[in-house]
Amino acid sequence: MNSSSTSNKRLSRAIAPRNYFSPFGNKLIQAGFLQPEDMRQALASTRKSGRPLLQVVEEITGRKLTPDLLRQYKKHHLFELKILYGVDSLDPELHPVTTDEMADLIETLIPIDLCTRFKLMPLKKIEGNNKAILVAMVDPDHLETLDELKRILERKNLELQRMVITAEDHQRLLDQYYNKKSERDQEKQRLANEREQEKFFDVSELVEKLEPITEEEDDDDGDDIGKANEGDEAPVIKLVNKILIKALQQGASDIHVEPQEESLRIRFRKDGVLQEAFDSLPRHITTAVVARLKIIADLDIAERRLPQDGKIRRIFQGRKVDFRVNSLPSRYGEKICMRILDNSATQLGLDKLISDEETLAIVREMAQRPFGLLLVTGPTGSGKSTSLYSVLAERNEPGVNISTAEDPIEYSLPGITQVQVIREKGMDFASILRAFMRQDPDVILVGETRDKETAKTAIEAALTGHLVLTTLHTNDAPGAIARLDEMGIEPFMVSGSLIGVLAQRLMRRVCSECRIAYTPTQEELARYGLSAVAESEITFYKANSLTVDQILEAKAAGNLCLKCNGGGYKGRVGVYEVMRMTERLAALINEGATTDRLKEAAVEEGMTTILAYSLNLVRQGYTTLEEVERVTFTDSGLEAELKAKRKSSLTCKTCKAELQPEWLDCIYCTTARFTD
């Protein structure tokens, strides 16, 4: 018979005479849960079988106790145990146990098999003159258990302090320990993997073996870079493979190989920001590394005076990855820049890109138009191609004929005709577009519009019953009109064909695990046209970005954020400005209005500027004011928004005083928002 059954029998004999009901028994009878004769039957069954009273009562009644009765039962049961054993009782629900300390004691002092076999759990170490270990036990009087505990503790000059707990609470504490152990094992595995990666990416030994070279390398590059460092590959091949693998594992978008006067610098662009990938490499390996990259990109290694474009395709972890390669002669040698095109790492879909529901609805409405021109603008690396492909993914149906002209083809979409621009053979954007017109297309994508011929052909296609999607390099949505004007496109063609313009940027997401809440100063808010009064209920965050030394210290102490690894940011979020064509904007375009005038009118028509959109993301906790400053803050964007507000908001909403248009705040009551 186990110790739990023995203690239950002793407990029943000690406190349950023939005609006596405990407070809990009386509570059950008063609540109508069972009758007195049922209670006597339950007590008799408990004395005979040694099973818990709760289990017997539920069997007799065929019902489960309510949460309130369960709470009463546990309270009563712990009181009985306290009286029976003469030690304090523990209820972990009322007095939570520190799982970390409990796990430390199990791993260093009292083994888990002992805790399971004798139904006990070490809780904490008690400091003082007489150091002791507090242990929670289901049966604090069990002689074998006491002997084993004293034998272990005497070696460490520790005393034993006991508490009594229920068998159910002991099992819960065991579960807590196993969960904590699982977390620790995962953390140990993660750190071990990091150490292995750091060891793998230690290139010092390879660099020592590399000598200055002038001859071509052997073109035995293989297909799977995930198998780097295998076989008898040359050091330069191993080094280049390690550079590519590290960039893919860290989620970089670009690799920069930059010769310097005294060294070779390797940098990765992650979440839009360049970061050092390796310590500075010696200058003498530059020629070897550049030559290797040019060979596998199918470039002419003998040509060092002109820029070249190439492509590398490799298999990494079972997926195809392309590297778009460009070489550029510089003062200290050829610089290599590689854009990583990893289709499997990109999620297509407008709802996955645009967080604002109103903006998402407007873009989807424009993308569903049967014909017209939809422009996507922004600097290089702002996600324009991903947005266009997301539109195509939503329009890609059996009844829609979609054709694309791209340079290069960045994503492979089934069911879509994709054409690669080959300028050497006369296949530029304009010529492909003209060919598309004889292919009965419904939707046409032009990778980039950069000259008059392409722009004019695209607009003609939009005017003749096709939906045309293309990109421009402009800072904001209204700037697209000026860009088309510079190309020589007549205003009436623009206003007649244009559906709308989507301008966008990418900002880093602040890490949700380690971000720091703070209150910006009034001056800091005023810089963005915000007010401390209006934003008083908003929680602003700063990124917990650590320096290299701080990251090493945090890693050693086990305090490094597992999500962002001390970077403060993880991933990126899109910022959008949608200028939908209206009759008023069309009239202004025909009149040749300036970009500032168009922007002011678009804001008055309801356009949310890039700056306003990014500040909304700050309010929602997606990013920080520092990212707004770095990516989207422009005086012109702020000025256009403030002009629109001032025109329609010349009365203080608090004191109703008349305000001057140039005021940001009411000087009478310091309210910082206006009303009509």
Side-chain angles (χ1 to χ4, degrees), residues 1-16 22-25 27 46 49-58 64-65 67-126 132-153 158-181:
M1 185 178 293
N2 60 37
S3 59
S4 178
S5 299
T6 302
S7 64
N8 280 325
K9 281 188 174 182
R10 291 166 58 193
L11 181 62
S12 299
R13 287 194 294 267
I15 65 174
S22 67
F24 174 68
K27 180 77 173 179
T46 298
S49 65
R51 292 186 299 160
L53 177 63
L54 175 62
Q55 182 180 347
V56 175
V57 167
E58 289 183 341
K64 294 288 185 181
L65 265 68
D68 180 59
L69 289 175
L70 283 172
R71 183 72 247 163
Q72 291 290 331
Y73 168 75
K74 186 173 184 181
K75 182 179 179 181
H76 168 71
H77 187 43
L78 286 172
F79 177 75
E80 291 175 340
L81 292 173
K82 180 178 179 180
I83 297 300
L84 177 64
Y85 291 109
V87 296
D88 288 335
S89 60
L90 173 69
D91 184 352
E93 293 181 12
L94 298 179
H95 304 285
V97 175
T98 305
T99 311
D100 286 333
E101 188 171 5
M102 181 176 70
D104 288 337
L105 290 172
I106 290 175
E107 293 172 5
T108 60
L109 190 63
I110 302 176
I112 187 62
D113 60 335
L114 203 69
C115 298
T116 305
R117 182 154 49 102
F118 293 127
K119 294 186 182 301
L120 58 90
M121 190 62 63
L123 301 180
K124 65 179 180 178
K125 185 175 182 180
I126 300 174
I133 299 297
L134 180 62
V135 180
M137 309 169 67
V138 173
D139 186 355
D141 286 348
H142 192 269
L143 295 179
E144 185 181 355
T145 305
L146 294 175
D147 289 342
E148 188 67 26
L149 284 176
K150 289 178 180 178
R151 182 182 62 81
I152 293 173
L153 297 179
L158 296 170
E159 295 182 358
L160 172 65
Q161 286 194 13
R162 299 172 297 158
M163 293 189 78
V164 63
I165 57 171
T166 64
E168 294 80 9
D169 282 339
H170 174 263
Q171 185 59 50
R172 291 191 187 96
L173 291 178
L174 271 179
D175 293 340
Q176 287 181 29
Y177 164 73
Y178 284 122
N179 291 336
K180 174 58 67 174
K181 185 176 184 299

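Computed over heavy atoms, backbone and side chain alike; hydrogens, waters and symmetry mates excluded.
Side chains of K125 and I133 form a contact here, defined as non-hydrogen atoms less than 4.5 Å apart. Side-chain contact between M163 and L134 is present, with heavy atoms from C-beta onward closer than 4.5 Å. Between E144 and R117 the shortest side-chain heavy-atom distance falls below 4.5 Å. Side chains of E159 and L153 form no contact here, defined as non-hydrogen atoms less than 4.5 Å apart. Using a 4.5 Å heavy-atom cutoff, the side chains of L114 and I152 are in contact. Side-chain atoms of L120 and L149, non-hydrogen and from C-beta on, do get closer than 4.5 Å to each other. Taking 4.5 Å as the limit, some side-chain heavy atom of D139 sits within range of a side-chain heavy atom of Y85. By the 4.5 Å heavy-atom criterion applied to side chains, K119 and T145 are not counted as neighbours.
For the atom pair OG of S89 and CD1 of I83, the computed distance is 9.5 Å after rounding to the nearest 0.5 Å. Atom CG of residue L146 and atom CG of residue D141 lie 7.0 Å apart, to the nearest 0.5 angstrom. Rounded to the nearest 0.5 angstrom, K150 NZ and L160 CG are separated by 7.0 Å. In this structure, the separation between CG on L174 and CG on N179 is 11.0 Å, given to the nearest 0.5 Å. Atom OH of Y177 sits about 12.0 Å away from atom CG of D100, to the nearest 0.5 Å.
Between the side chain of H170 and the backbone N or O of C115 there is at least one donor-acceptor pair closer than 3.5 Å.
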Please tabulate, for the side chains in residues 102-112, all donor-acceptor contacts under 3.5 angstrom to protein atoms that are two or more places apart in sequence or on a different chain.
residue, atom, partner, partner atom, Å
D104, OD1, R184, NH1, 3.0
D104, OD1, R184, NH2, 2.9
E107, OE1, R184, NH1, 3.1
T108, OG1, D104, O, 2.6

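A 6.0 Å sphere centred on NZ of K124 holds no more than 12 heavy atoms belonging to other residues, nucleotides or ligands.
Heavy atoms only, all atoms of each residue included: K82 and V164 are closest at N-CG1, 4.3 Å. Annotation for L90 and L123: closest pair CD2-CD1, 3.6 Å, computed over non-hydrogen atoms.
The pair R172-D169 meets the salt-bridge criterion, since a charged nitrogen lies less than 4.0 angstrom from a carboxylate oxygen.
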